[in-house]
Amino acid sequence: MSGRGQVVCVTGASGYIASWLVKFLLEDGYTVNATVRNLSDPNKVAHLKDLEGAEERLQLFEADLSEDGSFDSAVHGCQGVFHTASPAFLEATDPQAELIEPAVKGTLNVLKSCSKAPSVRRVVLTSSLAAVAFNRSPKGPTVVVDETWFSDPVFCEEIKSWYSLSKTLAEEAAWVFSKKYGIDLVVMNPAYVIGPILQPTLNYTSETFLNLIKVDVRDVARAHILAFENPSASGRYILMERALDHLETLEILLKLYPSYDLPKISTAGDSTFQVSKKRAQDLGIVYTPLEVSLKDMVESLKERNFLSGLCPYRYV
């Protein structure tokens with residue numbers, strides 16, 4: 001119960017990673033101020049209210065990434081802030097309005113609230129591997145990507161990878177702001193997140209779980225807490241368990257679920273690379289085996305009747 005007596009804030013608390021983060025923080029004894037966009041939406045709040053410890057130590061706040069000062073009350077009095085709220089989808093009619101502006105402005109709004117709260121001693125930002133590896137540097141099975149890599153906004157724009165652009169610009173803005181105002185910022189850069197879901201609606205990463213470089217959502221949530229609690233934590237941490245191509249992932253699924261009618265797929269164009277695990281290991285992060293993550297994810301999706309029509313049936 002290392003969090004007993006401490007108050008922390010989790011933004012975007014109804015999301016995939018954030019829901020697990022709230023769950024683990026409550027289990028560890030923290031008092032949690034959790035922000036959601038709409039307090040009257042049961043899809044946003046019901047599963048959070050049902051968590052163990054929620055009745056005693058969870059307070060919900062309504063906050064909007066686009067509104068200045070929206071996070072002031074949620075952050076007030078907190079020792080730590082976990083900023084996970086950000087749009088998470090790949091296609092957008094208006095990328096600037098739907099992805100980039102909410103990600104960048106929202107991050108700055110949260111950090112501005114933190115700069116007003118003298119109690120805040122550290123902010124942990126959920127970024128992404130998308131803010132690390134999207135650049136013109138050569139990649140391949142022998143290339144090792146580490147925390148010194150940064151995605152190139154110009155390259156992201158050229159290839160129309162709007163999600164990568166939003167995460168890259170948001171993280172860049174966070175580093176600039178935190179250095180200017182003396183905020184102790186630690187950034188988590190998880191790979192493609194898989195694993196069981198707590199929220200009642202399907203998130204994008206659950207919908208496309210064949211993606212190449214993977215990490216369990218529970219490990220990502222625990223890594224955030226380690227980044228807050230460890231005084232020596234600093235800079236960026238790439239989070240990943242393993243890099244596999246689509247075919248290798250399907251082979252694991254077929255072993256786990258031999259009766260499933262999974263399609264044959266073409267792996268043409270599949271390209272992956274290695275990611276350094278050293279900094280994450282030094283922080284004490286231990287990863288769930290990918291086989292366990294995939295099984296737990298499928299079982300979670302089956303329970304909610306989300307399995308039909310998912311990504312495996314699109315890679316044909």
Side-chain angles (χ1 to χ4, degrees), residues 1-4 6-12 15-30 32 78-86 107 110-111 114 120-133 143-151 167-168 170-172 174-175 178-179 182-195 205 213-243 273-290 292-293 296:
M1 301 285 282
S2 59
R4 187 180 295 278
Q6 297 192 69
V7 183
V8 295
C9 175
V10 178
T11 70
Y16 187 29
I17 295 171
S19 293
W20 280 101
L21 179 55
V22 172
K23 173 180 169 64
F24 289 151
L25 287 166
L26 290 172
E27 289 177 356
D28 289 349
Y30 286 91
V32 181
C78 291
Q79 286 79 53
V81 174
F82 299 90
H83 177 42
T84 75
S86 188
T107 296
V110 171
L111 289 175
C114 293
V120 174
R121 68 170 189 266
R122 176 168 288 173
V123 177
V124 181
L125 170 68
T126 309
S127 185
S128 170
L129 190 63
V132 176
V143 174
V144 179
V145 174
D146 63 21
E147 285 82 359
T148 64
W149 285 52
F150 286 86
S151 293
K167 300 302 284 188
T168 300
E171 185 184 330
E172 182 181 88
W175 283 119
S178 64
K179 289 174 182 176
I183 294 174
D184 182 5
L185 177 70
V186 181
V187 173
M188 315 308 288
N189 297 91
Y192 213 79
V193 182
I194 62 171
T205 53
I213 302 174
K214 303 175 179 70
V215 62
D216 191 290
V217 63
R218 295 163 293 192
D219 300 337
V220 175
R222 279 294 182 198
H224 280 66
I225 298 173
L226 284 171
F228 171 66
E229 293 180 343
N230 190 330
S232 66
S234 64
R236 311 166 91 202
Y237 292 89
I238 294 176
L239 307 176
M240 69 157 286
E241 195 274 336
R242 203 182 315 173
F273 47 85
Q274 301 305 309
V275 175
S276 173
K277 297 183 180 181
K278 184 179 186 308
R279 279 182 55 77
Q281 290 172 340
D282 290 346
L283 190 60
I285 297 167
V286 178
Y287 293 112
T288 302
L290 180 59
V292 175
S293 302
D296 289 351

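No experiment lies behind these values; they were computed from the predicted model shown.
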Looking at [Y] and [X], is there a salt bridge between them, counting it only when a charged N and a carboxylate O are closer than 4.0 Å?
X	Y	answer
Lys23	Glu27	yes
Asp282	Lys277	no
Asp28	Arg4	no

Self-check item: Candidates Val110, Val124, Val187, Leu185 - the one meeting side chain to side chain contact (heavy atoms under 4.5 Å, CB included) with His83
Solution: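 For His83, the side chain to side chain contact (heavy atoms under 4.5 Å, CB included) check succeeds only for Val110.
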Full working for side-chain contact (heavy atoms from CB on, under 4.5 Å) between Val8 and Val81
CA-CA 6 Å; Val8 295; Val81 174; over 6 Å; no
Counting distance only, does the side-chain N/O of [X] pair as donor-acceptor with the main-chain N or O of [Y] below 3.5 Å?
X	Y	answer
Glu147	Ile238	yes
Lys167	Thr126	yes
Arg279	Arg236	yes
Thr84	Thr11	yes
Ser293	Gly195	no
Gln79	Val7	yes
Thr168	Ser151	no
Ser19	Tyr16	no
Asn189	Ser128	yes

Which value, rounded to the nearest 0.5 Å, describes the distance between [X] atom [atom1] and [Y] atom [atom2]?
X	Y	atom1	atom2	result
Trp20	Ile225	CH2	CD1	12.0 Å
Ile183	Ser178	CD1	OG	6.5 Å
Trp175	Leu111	CH2	CG	10.5 Å
Asp146	Trp149	CG	CH2	8.0 Å
Arg218	Phe24	CZ	CZ	7.0 Å
Thr288	Asp296	OG1	CG	8.0 Å

**Message:** One pair to check against side-chain hydrogen bond (donor to acceptor under 3.5 Å, both in side chains): Arg242 and Gln274. What are the steps and the verdict?
**Reply:** CA-CA 8 Å; Arg242 203 182 315 173; Gln274 301 305 309; over 6 Å; no
If I compare all heavy atoms of [X] with all of [Y], which pair ends up nearest, and what's the gap?
X	Y	result
Ala227	Met188	CB-SD, 3.7 Å
Ala280	Leu239	CB-CD2, 4.4 Å
Ala233	Val186	O-CG2, 3.9 Å

Could you go through the side-chain contact (heavy atoms from CB on, under 4.5 Å) check for Phe228 and Gln6 one step at a time? CA-CA 12 Å; Phe228 171 66; Gln6 297 192 69; 3.8 Å; yes
Start with the C-alpha gap between Asp219 and Val286, add the side-chain angles, then the distance that decides, and say whether side-chain contact (heavy atoms from CB on, under 4.5 Å) holds.
CA-CA 7 Å; Asp219 300 337; Val286 178; over 6 Å; no
### Query
Yes or no on side-chain contact (heavy atoms from CB on, under 4.5 Å) for Leu226 and Tyr237, after CA distance, side-chain angles and deciding distance?
CA-CA 11 Å; Leu226 284 171; Tyr237 292 89; over 6 Å; no
* Within 45° of the ring axis of Phe82 and under 6.0 Å from its six-membered ring centre, is that where the NZ or CZ of Arg122 lies? ->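 The answer is no, since Arg122 fails at least one limit relative to Phe82.
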